[in-house]
Amino acid sequence: MRNTAKFTTAVLAAGALTLGLTACGSEQASGSADTSAPLIVAASPVPHAEILTYVKDNLAEDAGLDLEVKEFTDYVLPNTATEDGSVGANYFQNQPYLDDFNKKNGTHVVPVVTVHLEPLGLYSNKIEKADELKSGATVAVPNDTVNEARALKLLDANGIITLKDGAGNDATPKDIAKNPKNLKFKELEAAQTPRSLDDVDAAVINGNYAIESDLKPSEDALVLESAKNNPYGNFLAVKEGNEDDPRVKKLAKLLTTPEVKKFIEDKYAGSVVASF
């Protein structure tokens with residue numbers, strides 16, 4: 001059985017995370033870590049927590065690492081928990097997202113090592129090819145700054161829309177220069193996009209949420225991000241100042257071993273791609 005604990009937004013909003021984990025004394029609220037305690041890592045359930053659980057079950061003991069995995073179902077709380085010391089590290093995000101999060105929230109989370117890429121894809125329950133989108137069709141996209149821009153860039157790269165020159169990691173539908181099919185965009189929390197597939201004509205879905213919803217990005221996506229020169233690799237991250245924590249260093253080394261690469265290749269069959 002996987003030794004993980006799931007935390008939802010509702011529970012954490014009530015203060016359970018801060019009270020529960022701080023009471024355990026696993027990490028210091030100031031961000032300075034107790035290196036004799038287990039390393040608690042916040043992670044999205046798929047594939048991040050699965051990869052960490054593989055490390056915990058197969059590699060950590062021999063490396064002298066006491067690892068605990070905490071599952072989170074959103075893209076905000078893992079960073080705030082890392083910032084306040086409720087967890088010692090997190091594993092769920094990419095650099096553009098983290099840069100935007102730190103800027104908006106005054107947090108000080110930094111990357112340690114990049115582990116994998118989850119290609120973003122366009123999916124539909126109503127059409128089989130992207131060029132079958134009809135005039136006026138509705139496409140769901142993630143509503144957080146970076147993932148919305150990433151979704152629009154995916155559509156641009158595949159000729160579905162054309163973004164204005166210079167549209168960057170904060171692009172929104174207002175930055176679309178050409179929209180030949182007059183597509184309408186429905187902005188949703190990233191975790192909600194798979195659930196929207198019956199209500200919209202297509203949806204751009206993050207790789208982890210696609211896999212959780214039993215979609216196979218390498219097979220089911222109408223269009224899929226290229227892994228080549230992709231800036232959206234997912235990494236292990238800590239609060240600034242904790243990069244040299246010996247537990248973090250051990251985990252970073254374990255996450256980039258041939259064993260983990262093989263696990264990713266075997267389990268995800270191209271839907272998740274090792275970045276090392």
Any heavy-atom pair between the side chains of V69 and V55 that's under 4.5 Å?
no
Side-chain H-bond candidate by donor/acceptor type, N79 with T107, under 3.5 Å
no
Are V112 and L251 packed together at the side-chain level, in the sense that at least one heavy-atom pair is separated by less than 4.5 angstrom?
no
How many angstroms lie between atom CG of D220 and atom OG of S124, to the nearest 0.5 angstrom?
11.5 Å
Pair F101, V76 - check side chain to side chain contact (heavy atoms under 4.5 Å, CB included), show working.
CA-CA 8 Å; F101 189 94; V76 175; 3.9 Å; yes
N158/L222 under side chain to side chain contact (heavy atoms under 4.5 Å, CB included): CA gap, chis, key distance, verdict
CA-CA 10 Å; N158 287 275; L222 305 183; over 6 Å; no
Pair K70-S86, side chain to side chain donor-acceptor pair (under 3.5 Å): steps then yes or no:
CA-CA 11 Å; K70 300 292 184 183; S86 299; over 6 Å; no
For the residue pair G121 and L224, what are the closest heavy atoms and their distance?
CA-CD1, 3.9 Å
Return the CD1 to CG distance between I160 and N179, rounded to the nearest 0.5 Å.
10.5 Å
Just one of L52, L255, N234 clears the side-chain contact (heavy atoms from CB on, under 4.5 Å) bar with V115, so which one?
L255
Grouping I, L, V, M, F, W and Y whenever their side-chain heavy atoms are under 4.5 Å apart, do F235 and V109 come out in a common cluster?
yes
Inter-residue atom distance N147.CG - L154.CG, 0.5 Å rounding:
11.5 Å
Short side-chain to backbone donor-acceptor contact, E243 and G241, under 3.5 Å:
yes
Does V260 reach the side chain of F276, with side-chain heavy atoms less than 4.5 Å apart?
yes
State whether the side chain of N94 and the backbone N or O of P231 hold a donor-acceptor pair below 3.5 Å, judged by distance alone.
no
Under the side chain to side chain contact (heavy atoms under 4.5 Å, CB included) rule, what do Y75 and S44 come out as? Steps first, then yes or no, please.
CA-CA 8 Å; Y75 285 168; S44 298; 4.1 Å; yes
Within the side chain of E148, is there an N or O that forms a donor-acceptor pair under 3.5 Å with the backbone of D170?
no
Applying side-chain contact (heavy atoms from CB on, under 4.5 Å), can you list everything that pairs with N169, at least two apart in sequence or on another chain?
P96, K153, Y232
Say whether V139 and L188 are linked into one hydrophobic cluster, either directly or through other cluster members, by side-chain heavy-atom distances under 4.5 angstrom.
no
Less than 4.5 Å apart, any side-chain heavy atom of P45 and any of E212?
yes
Is it the case that over 12 heavy atoms from other parts of the model lie below 6.0 angstrom from the NZ atom of K216?
no
Residue pair N208 / P47: nearest heavy atoms and the distance that separates them:
CB-CD, 3.7 Å
Does atom NZ of K178 have more than 12 heavy-atom neighbours, drawn from other residues, nucleotides or ligands, at distances under 6.0 Å?
no
Value rounded to 0.5 Å, distance of CG in L163 from CD1 in I176:
6.5 Å
Where do D201 and I127 come nearest, in terms of heavy atoms and distance?
O-CG1, 4.4 Å
Honestly curious: do F92 and L98 fall in one hydrophobic cluster under the side-chain, below-4.5 Å linking rule?
no
If I compare all heavy atoms of T73 with all of A191, which pair ends up nearest, and what's the gap?
O-CB, 4.2 Å
Could you tell me the separation between the NZ atom of K253 and the CG atom of L65, rounded to the nearest 0.5 Å?
12.5 Å
Separation between CD1 (I51) and CG (L254), nearest 0.5 Å, reads 13.0 Å
Is the number of heavy atoms from other residues, nucleotides or ligands within 6.0 Å of CD (E259) greater than 12?
yes
Heavy-atom distance under 4.5 Å between the side chains of L152 and D175, does that happen here?
no
Quick one: are L122 and V204 in side-chain contact, heavy atoms under 4.5 Å?
yes
All side-chain contact (heavy atoms from CB on, under 4.5 Å) counterparts of S275, not counting sequence neighbours:
T114, L117
Taking all non-hydrogen atoms of both residues, which atom of V87 and which atom of P78 are closest, and how far apart?
CG2-O, 4.4 Å
Using the side chain to side chain donor-acceptor pair (under 3.5 Å) definition, which of the options E118, Q93, E71 pairs with H48?
E118
Would you find a donor on one side and an acceptor on the other, under 3.5 Å apart, between the side chain of T256 and the backbone of A252?
yes
Under 3.5 Å, side chain of K250 to main-chain N/O of A60, donor-acceptor pair present?
no
For residues L183 and T138, determine if any side-chain heavy atom of one lies less than 4.5 Å from a side-chain heavy atom of the other.
no
Shortest non-hydrogen contact from P217 toward A210
CG-CB, 4.2 Å
Step through the shown structure and confirm whether more than 12 heavy atoms of other residues, nucleotides or ligands are within 6.0 Å of CG on D266.
yes
With a 3.5 Å distance limit and no angle check, can you tell me whether E225 reaches the backbone of L120 through a side-chain donor-acceptor pair?
yes
Grouping I, L, V, M, F, W and Y whenever their side-chain heavy atoms are under 4.5 Å apart, do I264 and V113 come out in a common cluster?
yes
Hey, is R247 close enough to D245 for a salt bridge, meaning N to O under 4.0 Å?
yes
Using modelled atom types only, decide if a donor and an acceptor are shared between the side chain of K181 and the backbone of D131 within a distance under 3.5 Å.
yes
For residues Y97 and Y91: do they belong to one hydrophobic cluster (side chain heavy atoms under 4.5 Å, members Ile, Leu, Val, Met, Phe, Trp, Tyr)?
no
Is it the case that the side chain of K261 and the backbone of A274 share a donor-acceptor pair, with hydrogens and angles ignored and the cut-off at 3.5 Å?
no
Quick one: does K239's side chain have a donor or acceptor within less than 3.5 Å of a partner on E83's backbone?
yes
Tell me if the aromatic rings of Y209 and Y123 count as close, with their centers under 6.0 Å from one another.
no
Would you find a donor on one side and an acceptor on the other, under 3.5 Å apart, between the side chain of E50 and the backbone of V46?
no
Do F263 and L59 come within less than 4.5 Å of each other through their side chains, counting heavy atoms only?
no
